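Numbers restart at 1 for each chain; the letters A, B, ... are given by sequence-line order, proteins then strands. Note that this is a predicted model, so its numbers are computed, not measured.
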Amino acid sequence: MQRKSSPSFVLTESVLRRRRFAAAHYNLEDTLTSGQTFRWRNIHGHWTGVVRDHWLQITGDSGGLAVATTHPAPNWPLLKRYFQTEVDIDRITGSFPPDPPLQRAVAACRGLRLLRQDPWECLASFLLSSTKRITQISQIVERLCRHYGTPLPVHAGYPPSWSFPSAATIAERSETQLRELKMGYRAPWLLAAGRTVTNGLLDLESLGRMTVADAERRLIQLPGVGPKIAHCVLLFAYGEPNAFPVDVWINRALKTFYFPGSNPSPAELKSFAARHFAPYPGYAQQYLFHYLRVKTSAETETAARSNPPPTPRPR
DNA sequence: CACCAGGCAGCCG
DNA sequence: CGGCTGCATGGT
């Protein structure tokens, strides 16, 4: 790497390569903080993160995204695919049913997008997510990258950064080594997933060509992967619009807003969501999830926690 | 200190 | 199916 003339304590300063991705109404902050990805930080007023082996600095403005990377030969098509800037988000939210909670979520999170992430990173990250808060998932993922990822060049003044460790790298670790990263009982799950992907028993590439049901069946064969995590992977890595992860927040929201007073089974909730939110249940889920988790303070929080009085039924 | 967190596995009826 | 419990760890 070339040494440039700059403050004496800066040994290397990476060249930034830049490009703009045009997009109408790209809500970068909500997209990067809505719990679909765990590696983005706002540093010096810019969003910085990693996509594959690209260290990135992103700025969102009214016309789209300004993308800067230290990668010497950026894979721009890959990055563009990751950010999904070509998606007409207003058309998607415009297709949502006109019920109050969902429309409130759209109004509060306008421009929130779904990313198209690397399947292995997505699978591994969500394997680590069970009964953890998003901030803690981020911390575990960060430790995983710091210990077992590959260091990446970063722009001057930014903290060091690493790629997400490959399945093969994880497969070579021991359960003890993984437990040292404070992932607890999830360590054997991550190890097993790394081994299964590395030895070819699970071909992540082929999942994209299967039906949702088939891909889900394959994913939940992995220990620690159930319906919720499988659907996160199908939605966030494969862009499956019918994927619909049901976590505690969504479960609470569906019961509160759409089944007040009754006690629907998981199967009922699943079929209702597929029908009611079609043709984009995955996007609707993400809007509801992010809205309920961070855009509301007192009202919905308390309403959703304590078995609430029946709310007006949306039509 | 009790309780919960973008769940899941194992077990029981 | 449906319900219950343990699981590591950290925050409120």
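- Among the heavy atoms of the strands, none lies under 4.0 Å from A:T37.
- With sequence neighbours excluded, no residue forms a side-chain hydrogen bond (donor to acceptor under 3.5 Å, both in side chains) with A:Y148.
- In this structure, the ring pair (Phe, Tyr, Trp, His ring centres under 6.0 Å) partners of A:Y185, at least two apart in sequence or on a different chain, are A:W189.
- The interatomic distance linking A:I140 (CD1) with B:dG7 (P) rounds to 12 Å, in whole Å.
- A:T169 is linked by a side-chain hydrogen bond (donor to acceptor under 3.5 Å, both in side chains) to A:S166, counting only residues two or more places apart in sequence or in another chain.
- A stacking contact between A:W249 and B:dG6 is absent: the pair does not combine a ring-centre distance of less than 5.5 Å to the base's six-membered ring with planes differing by less than 30°.
- Look at the P atom in both C:dC4 and B:dC3: the space between them is 16 Å, to the nearest Å.
- For A:Y280, there are no ring pair (Phe, Tyr, Trp, His ring centres under 6.0 Å) partners, not counting sequence neighbours.
- Atom pair A:I137:CD1 and C:dA8:C1' shows a separation of 14 Å (rounding to whole Å applied).
- Qualifying ring pair (Phe, Tyr, Trp, His ring centres under 6.0 Å) partners for A:F38, counting only residues two or more places apart in sequence or in other chains: A:F126.
- Residue order along DNA chain C, read from the 5' end via each residue's closest nucleotide, puts A:P266 first among A:P266 and A:S130.
- With respect to A:E142 and A:R41, a salt bridge is recorded, a charged nitrogen being found less than 4.0 Å from a carboxylate O.
- Residue contacts shown for A:F38 are absent, as no nucleic acid heavy atom lies under 4.0 Å away.
- As a whole-Å value, the separation of A:L234 CG from B:dG6 C1' is 15 Å.
- Here B:dC4 presents its C1' atom at 15 Å from CG of A:N251, a figure rounded to the nearest Å.
- Within the nucleic acid shown, A:Q286 comes within 4.0 Å of at least one base atom, counting heavy atoms only.
- The distance from atom CZ of A:R252 to atom C1' of B:dC4 is 10 Å, rounded to the nearest whole Å.
- When the P atom is used for both C:dA8 and B:dC11, the distance is 16 Å, rounded to whole Å.
- Residues forming a side-chain hydrogen bond (donor to acceptor under 3.5 Å, both in side chains) with A:R217 (at least two apart in sequence, or on another chain): A:D214.
- If you measure from atom CG of A:L127 to atom C1' of C:dC7, you get 15 Å, rounded to the nearest angstrom.
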Under 3.5 Å donor-acceptor pairs involving side-chain atoms of residues 76-84 of chain A, not counting sequence neighbours:
unit_1 : atom_1 : unit_2 : atom_2 : d
A:K80  : NZ     : A:E86  : OE2    : 3.1
A:Y82  : OH     : A:W40  : NE1    : 3.0
A:Q84  : OE1    : A:R116 : NH2    : 3.4
A:Q84  : NE2    : A:R81  : O      : 2.7

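- The separation between A:H231 atom NE2 and B:dG7 atom P is 15 Å, rounded to whole Å.
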Anything under 3.5 Å between a protein N or O and an N or O of nucleotides 9-12 of chain C, put it in a table, one pair a line.
unit_1 : atom_1 : unit_2 : atom_2 : d
C:dT9  : O2     : A:K132 : NZ     : 2.6

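- DNA chain B lies under 4.0 Å from no heavy atom of any residue of residues 113-122 of chain A.
- Ion pairing between a basic and an acidic side chain is recognised when a charged N comes within 4.0 Å of a carboxylate O; A:D61 and A:R20 show such pairing.
- Applying the side-chain hydrogen bond (donor to acceptor under 3.5 Å, both in side chains) rule to A:E205 yields no partners; only residues at least two apart in sequence or on another chain are considered.
- Look at the P atom in both B:dG6 and C:dG2: the space between them is 25 Å, to the nearest Å.
- Atom P of nucleotide B:dG6 and atom CZ of A:F126 are separated by 11 Å, given to the nearest angstrom.
- The salt bridge (charged side-chain N to carboxylate O under 4.0 Å, His left out) search around A:K132 returns none, not counting sequence neighbours.
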Please write out the pairs of protein N or O atoms and N or O atoms of nucleotides 9-13 of chain B separated by less than 3.5 Å, giving the distance to one decimal.
unit_1 : atom_1 : unit_2 : atom_2 : d
B:dA9  : OP1    : A:G224 : N      : 3.1

Could you go through A:F96 and A:F277, starting from their C-alpha distance and side-chain angles, then the distance that decides it, and tell me whether this counts as ring-ring contact (aromatic ring centres under 6.0 Å, His included)?
CA-CA 6 Å; A:F96 288 171; A:F277 297 116; 7.6 Å; no
